[in-house]
*Asks:* 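I have a structure here, written as structure tokens, and I will follow up with some questions on it.
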2 protein chains.
Amino acid sequence: MTEFKITQAQKELVEKLGVYYEKSGMQPAACRVMALLIVSDQTELTFEEIQQILNISKSATSGAINLLITANRVEYITRPGERKRYFRAKILNWKVDMIQNMSQMTSVSALLKEINKQRPKSSKEFNNTLAEMISFLEFVNAEIPALFKRWEAKK
Amino acid sequence: MTEFKITQAQKELVEKLGVYYEKSGMQPAACRVMALLIVSDQTELTFEEIQQILNISKSATSGAINLLITANRVEYITRPGERKRYFRAKILNWKVDMIQNMSQMTSVSALLKEINKQRPKSSKEFNNTLAEMISFLEFVNAEIPALFKRWEAKK
DNA sequence: TACTTAGTTCTGCAAATTCAGAACCATGTA
DNA sequence: TACATGGTTCTGAATTTGCAGAACTAAGTA
């Protein structure tokens, strides 16, 4: 039985980051696992370590890990001769994730467009505001690549 | 008893937009109310109209409306001589909302910064990736005003 | 004063979520 | 073959959520 632990300060960071992740609707245990993989000194943790550090059941651990893997937020590696898997946060892909996240705006603006099309002409101010929102969302969406470029340039 | 209704097409838009709002963790009924106030031909609806169109109970209607008011997403007006309130989506403030939403990134990046500070020097690649994320989040955050300006200019 | 209107608040149920515990399985090892 | 390891899956219990229904309140009206 490994007895790897994290410090009190780290525990608090796991909680804080965990709560942040919860806002996106993921279940608490999965959020803690995700947070732990970011906060922990080791970037790669085994099933057992995760379970013990967070003090949750095997089923909760299994469920959380698989959820995160499905959501493409966690991956695992194996080591030659070991059956254990080493789980780690998939943060190297953060740019792809962020682009995907930002691009969700596109789907909203498409929906808002559809809505605005069916709105009566009479509610002019409202429609105009909606049109402005759509215009801005589309603009931002189109600007994303440029945003990355300017960031790269500035570094 | 008023018998104001919405079309089938509108109902579907309310559902779609409602589901979109649900992603942010708000309760279903409140999301439907919000969506209705965007989709409906009338931009201002009474308590009774909302309740009847969405076919929900008074308590659900009351709860949803008050939640939305607290979240600053809905406001109401009154008309002289009438006791009823007319509720409407507070979309005219969309810029403020959007800036606030985007600025939430700042809070995450602050937290990530705190985390990165306590990480061991040994996990170099991980720390660097984290630092890059933070850098990008801060950059985007700083760029928000400029983004609005460029959008205005382009219009 | 009694009644209507416009909503609020309380009670409680039904459904969904989340997780622990135990049994189970698959692979490797002695 | 027996046992250990690294999980997965099933069951069910404890919360939590979301809302209906009914009672209630506050303000205006006849």
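Below, chains carry the letters A, B, ... as their sequence lines are ordered, and counting in each starts from 1. The structure presented is a predicted model; accordingly, all values stated were derived computationally and were not measured.
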*Asks:* For A:Gln104, enumerate each residue passing the side-chain hydrogen bond (donor to acceptor under 3.5 Å, both in side chains) test, keeping only those at least two apart in sequence or located in another chain.
*Replies:*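 With neighbours one apart ignored, the set is empty.
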
*Asks:* Can you list, by residue number, the residues of residues 62-69 of chain B that have a non-hydrogen atom closer than 4.0 angstrom to DNA chain C?
*Replies:*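 Output list: B:Ser62, B:Asn66.
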
*Asks:* Using the ring-ring contact (aromatic ring centres under 6.0 Å, His included) rule, collect all pairs that involve residues 88-120 of chain A, keeping only residues at least two apart or in two chains.
*Replies:* A:Trp94-A:Trp151, A:Trp94-B:Phe136

*Asks:* Round to the nearest Å and state the distance from B:Gln51 atom CD to D:dA20 atom C1'.
*Replies:* 11 Å

*Asks:* Figure out the CZ/P separation between B:Phe87 and C:dT8, and round it to whole Å.
*Replies:* 7 Å

*Asks:* Does A:Lys154 form a salt bridge (charged side-chain N to carboxylate O under 4.0 Å, His left out) with B:Glu143? I'd like the steps, not just the answer.
*Replies:* CA-CA 12 Å; A:Lys154 201 189 160 193; B:Glu143 278 289 297; over 6 Å; no

*Asks:* Within this structure, what is the OH-to-P distance between B:Tyr21 and D:dG18, rounded to whole angstrom?
*Replies:*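 Going from B:Tyr21 (OH) to D:dG18 (P), I get 18 Å.
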
*Asks:* Show each protein N/O and nucleotides 20-22 of chain C N/O combination with a separation under 3.5 Å, one pair to a line.
*Replies:*
{"residue": "C:dA20", "atom": "OP2", "partner": "A:Ser57", "partner atom": "N", "Å": "2.8"}
{"residue": "C:dA20", "atom": "OP2", "partner": "A:Ser57", "partner atom": "OG", "Å": "2.7"}
{"residue": "C:dA20", "atom": "N7", "partner": "A:Ser59", "partner atom": "OG", "Å": "2.7"}
{"residue": "C:dG21", "atom": "O6", "partner": "A:Ser59", "partner atom": "OG", "Å": "3.0"}

*Asks:* For D:dT17 and B:Gln27 - does any side-chain N or O of the residue sit under 4.0 Å from the phosphate oxygens OP1/OP2?
*Replies:*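 Negative; the distance criterion is not met.
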
*Asks:* Should we count NZ of A:Lys155 as having more than 12 external heavy atoms under 6.0 Å?
*Replies:*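 Atom NZ in A:Lys155 is packed in, count exceeds 12.
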
*Asks:* Hydrophobic side-chain clustering at under 4.5 Å (ILVMFWY, transitive links): who's grouped with A:Tyr86? Put none if nobody.
*Replies:* A:Ile77

*Asks:* So which protein nitrogen or oxygen atoms get under 3.5 Å of nucleotides 27-30 of chain C's nitrogens or oxygens?
*Replies:*
{"residue": "C:dT27", "atom": "O2", "partner": "A:Arg83", "partner atom": "NH2", "Å": "3.0"}

*Asks:* Between A:Glu22 (CD) and C:dT18 (P), how many Å, whole number?
*Replies:* 9 Å

*Asks:* For A:Asn72, enumerate each residue passing the side-chain hydrogen bond (donor to acceptor under 3.5 Å, both in side chains) test, keeping only those at least two apart in sequence or located in another chain.
*Replies:* A:Lys90

*Asks:* What is the distance, rounded to the nearest whole Å, between atom CZ of B:Arg32 and atom C1' of D:dC19?
*Replies:* 13 Å

*Asks:* What pairs of residues pass the salt bridge (charged side-chain N to carboxylate O under 4.0 Å, His left out) test when at least one of them lies in residues 54-76 of chain A, not counting sequence neighbours?
*Replies:*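 Those involving residues 54-76 of chain A are A:Glu75-A:Arg88.
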
*Asks:* Who are the salt bridge (charged side-chain N to carboxylate O under 4.0 Å, His left out) partners of B:Glu82, not counting sequence neighbours?
*Replies:*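 Not a single residue meets the salt bridge (charged side-chain N to carboxylate O under 4.0 Å, His left out) criterion with B:Glu82.
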
*Asks:* For A:Lys113, enumerate each residue passing the salt bridge (charged side-chain N to carboxylate O under 4.0 Å, His left out) test, keeping only those at least two apart in sequence or located in another chain.
*Replies:* A:Glu138

*Asks:* Strictly below 4.0 Å: does B:Arg85 bring a side-chain N or O up to OP1 or OP2 of C:dT8?
*Replies:*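 Affirmative; the distance criterion is met.
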
*Asks:* Just by modelled atom types, is the A:Val39 backbone N or O under 3.5 Å from a matching donor or acceptor in the B:Arg119 side chain?
*Replies:* yes

*Asks:* For A:Ser24, enumerate each residue passing the side-chain hydrogen bond (donor to acceptor under 3.5 Å, both in side chains) test, keeping only those at least two apart in sequence or located in another chain.
*Replies:* none

*Asks:* Starting from C1' on C:dA6, measure out to OH on B:Tyr86 and report it in whole angstrom.
*Replies:*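 So the two atoms are 12 Å apart, to the nearest Å.
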
*Asks:* About how many Å separate CD1 of A:Ile38 and CG of A:Leu17, when rounded to the nearest 0.5 Å?
*Replies:* 6.5 Å

*Asks:* Between B:Arg32 and B:Glu22, does any side-chain N to carboxylate O distance fall below 4.0 Å?
*Replies:*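 Here B:Arg32 pairs with B:Glu22 in a salt bridge, since their nearest N and O are under 4.0 Å apart.
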
*Asks:* Please write out each protein N/O paired with an N/O of nucleotides 12-14 of chain D under 3.5 Å, distance rounded to 0.1 Å.
*Replies:*
none

*Asks:* Within this structure, what is the CD-to-C1' distance between A:Glu82 and D:dG7, rounded to whole angstrom?
*Replies:*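 One finds 15 Å between C1' of D:dG7 and CD of A:Glu82, rounded.
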
*Asks:* Measure CE/A:Met26 against P/C:dT17 and give the value in whole Å, please.
*Replies:* 15 Å

*Asks:* Is the shortest side-chain N to carboxylate O distance from A:Lys84 to A:Glu49 below 4.0 Å?
*Replies:*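 Salt bridge absent between A:Lys84 and A:Glu49.
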
